[in-house]
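Scope of the values below: all heavy atoms of this structure, side chains included, with no hydrogens, waters or symmetry mates. Just so it is clear, the model here is predicted, and its values are computed rather than measured.
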Amino acid sequence: MRGTFIVIEGLDRSGKTTQVSTLQTWLESSGTPVKLFKFPDRTTAIGQMIDSYLRSQSELDDRAIHLLFTANRWELATSIERLLEQGTTIVCDRYAFSGVAFSAAKGLPLEWCRSPDAGLPAPDLTIFFDISPETARERGGYGEERYEKEELQKRVRGLFGVLGAEFESGKWVTVDAGRSREEVAEDVWRHVSKVVGKVDGPVARLWI
């Protein structure tokens with residue numbers, strides 16, 4: 001039995017990072033080997049370029065930064081697949097869906113945005129943290145990074161809906177992230193417990 005690949009997606013300030021940490025604790029307490037990934041991974045050479053851009057410390061063409069985000073995921077694709085095959089469950093804070101949604105929200109063609117990520121390891125479960133940009137804005141730290149603009153977040157929210165509609169039932173689920181941390185965590189665990197330890201067969205490929 002291989003590990004389960006779980007992706008947590010959502011708008012900025014939707015509480016993803018907090019819930020990923022909670023989920024890790026719950027999985028470990030249940031005896032499940034687990035490894036966390038976060039994209040962009042700002043520790044790599046490519047990730048440091050992305051970090052500079054997100055903090056508005058550098059400027060890049062929209063297509064160039066999109067391809068850097070994609071390359072950042074490909075940097076770790078082999079590690080993700082190897083861990084899954086070894087039986088380790090992966091919990092990922094953001095993945096290719098964020099890359100596509102944010103770039104398309106800036107005006108790039110959706111299919112062009114999706115193309116460089118085709119072939120990445122596909123998640124067994126994607127949980128989308130849905131929150132209105134207005135509610136997210138009320139949370140601490142909002143607006144510190146380039147993409148934390150209300151109008152952009154509204155477009156991103158709609159594009160996540162488009163991407164999620166392409167998945168079969170149970171592979172993509174939406175959680176109301178505007179509730180308390182405890183309520184969101186319980187909802188996340190309800191979905192995760194249905195798939196962890198129950199996935200077999202090779203790792204699927206995204207958008208192939």
Taking Arg181 for the side chain and Gln19 for the main chain, is one N or O donor matched with an acceptor at less than 3.5 Å? no

Validation row: Pro123, Thr4 side chains within 4.5 angstrom (heavy atoms): no

Whether Trp207 and Phe97 hold their rings parallel, tilted or perpendicular, with breakpoints at 30° and 60°: perpendicular

Measuring from atom CZ of Phe39 to atom OG of Ser98, what distance do you get when rounded to the nearest 0.5 angstrom? 11.0 Å

Distance only, no hydrogens: is a donor on one side chain within 3.5 Å (strictly under) of an acceptor on the other, for Asp130 and Thr174? no

Could you go step by step and tell me if Trp26 and Val34 meet the side chain to side chain contact (heavy atoms under 4.5 Å, CB included) rule? CA-CA 10 Å; Trp26 284 9; Val34 60; over 6 Å; no

Establish, yes or no, whether a centroid distance under 6.0 Å links the rings of Tyr53 and Phe69. no

Are more than 12 heavy atoms from other residues, nucleotides or ligands located less than 6.0 Å from atom NZ of Lys38? yes

Is the shortest side-chain N to carboxylate O distance from Asp117 to Arg205 below 4.0 Å? no

Given 3.5 Å as the limit, does a donor-acceptor pair link the side chain of Arg2 with the main chain of Glu85, or not? no

Once you measure the plane-to-plane angle for Phe128 and Phe160, does it fall in the parallel (<30°), tilted (30-60°) or perpendicular (>60°) bin? tilted

Following the transitive rule for hydrophobic clusters with a side-chain heavy-atom cut-off under 4.5 Å over Ile, Leu, Val, Met, Phe, Trp and Tyr, establish whether Leu206 and Leu67 coincide in one cluster. no

So do Ser132 and Arg157 actually touch side chain to side chain, heavy atoms under 4.5 Å? yes

In the structure I gave you, are the side-chain heavy atoms of Leu125 and Lys171 within less than 4.5 Å of one another anywhere? no

Is there a side-chain contact between Val192 and Ile127 (heavy atoms, below 4.5 Å)? yes

Can you tell me if Lys194 uses its side chain to pair, donor with acceptor, with the backbone of Gly170 under 3.5 Å? no

Whether the Gln48 and Asp51 side chains hold a donor-acceptor pair (N or O, under 3.5 Å, no angle test) is what I'd like checked. no

Are side-chain heavy atoms of Glu183 and Asp187 found at a separation under 4.5 Å? no

Can you confirm whether the side chains of Thr126 and Glu9 place a donor and an acceptor under 3.5 Å from each other? no

